[in-house]
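Step one of this worksheet: look at the structure below.
Residue numbers count from 1 along this sequence.
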Amino acid sequence: VLPYEPSVTYINGVGVLNNEKQETNYIAFSEDFTNPIWFASGSRVTVSSNQTISPDGSQNADAIMEVAVTGAGKTLQTNTAVSNGFVDDYMFFKKLNRPWIRFLMSDLTTGDLRVDFNFDTQQAIFNSSGSWTDTNVMIDEYVNGWFRVRLNGNKAAGTEVSCTVQLLDDSGSDNYTGDVTKGVYAWGAETGDNEGSYIRTSGEAYTRLKDEGFTTPDLRKWINSLGGRFSVTAKAHNELESTLRIASVSDGTLNNRIELQFRPDTNIILARLRSSNSTDLPDITFAVNDLSSQHEYALEWSTTQVSLYIDD
């Protein structure tokens, strides 16, 4: 039984529960870049709707095109109210007759995070300014020439955050004469408060609740048996994430449970078995090289010992 629709990723046709934290996309129109919340500085770009196939397989990706004027500031931008703290900002881009694109996230007060990305070489040039801390840039390659360009960090000033696309010429310069046949394809913008998967919006900000899955058969005979094995195949979304993840089987209490705990930022996994019918066995902890890579974790137990296996 799932209390609500979970976030699922399909890998080679197999559904995988993402088990993501609660997250909000504060951008009201995450795919319609013709909406007035997205504004072009100095009318130096135009937007055409539904020009190519997006990463979700639909023809709903927009084209952001240059206007034939000379100068810098060929940008498309939206601003959203975001509290200080961690902010995650990204968009999906595909080449449209220009090799470079610039993506920026600004606090509109002290400075910004920005990355210049080259579609051909996949070079990324990152810079930050102002009061941002713990900053990061990530480029993820998707199908059919799409890339997700992502910036995040801790915001300490201002009441808003901008999500901005800036067009660049073939040399990577932002000051040039535009060509109306050139620009970039764009889709799926998010300004969020957690580093999770994409949340689509259409008219207002949307909060996706944390993923939780559970089932309710009587499992006490397994927890109190003379021996057994409990295994989970899992990976963290982000190696810097500090939230504790728990995969467990229990009778609804803390007295009878089999538990595997994950802490991505420390790469620590903990195996625990508790039974009301026997003396508690000691916990096992182990440091894995990288919890953001997929591994199988298995807890085996008997009346005398508990063992933890990784990829075995």
Is the distance between the ring centroids of Y142 and F92 under 6.0 Å?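 Yes, they do, as the ring centres are separated by less than 6.0 Å.
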Within this structure, what is the [atom1]-[atom2] distance for the pair [X] and [Y], rounded to the nearest 0.5 Å?
X    : Y    : atom1 : atom2 : answer
S162 : D107 : OG    : CG    : 8.5 Å
R148 : D140 : CZ    : CG    : 4.5 Å
F103 : D116 : CZ    : CG    : 12.5 Å
N79  : E160 : CG    : CD    : 5.0 Å

Keeping Y90 on the side-chain end and Y198 on the backbone end, is there a donor-acceptor pair under 3.5 Å? yes
With a 3.5 Å distance limit and no angle check, can you tell me whether S129 reaches the backbone of D112 through a side-chain donor-acceptor pair? yes
Return the set of residues passing side-chain contact (heavy atoms from CB on, under 4.5 Å) with D193 (not counting sequence neighbours), or none when no residue passes.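 Checked D193 against side-chain contact (heavy atoms from CB on, under 4.5 Å); matches are E23, T24, Y26.
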Please determine whether a side-chain nitrogen of the Lys or Arg among K95 and D120 lies less than 4.0 Å from a carboxylate oxygen of the Asp or Glu. yes
salt_bridge(R150, D89) N-O dist < 4.0 Å: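 Here R150 does not pair with D89 in a salt bridge, since their nearest N and O are not under 4.0 Å apart.
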Look at the aromatic rings of W146 and W187 and report parallel, tilted or perpendicular, splitting at 30° and 60°. perpendicular
Given side chains that start at C-beta, do those of K182 and D170 come closer than 4.5 Å, heavy atoms only?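 They are in contact (side-chain heavy atoms under 4.5 Å apart), so the answer is yes.
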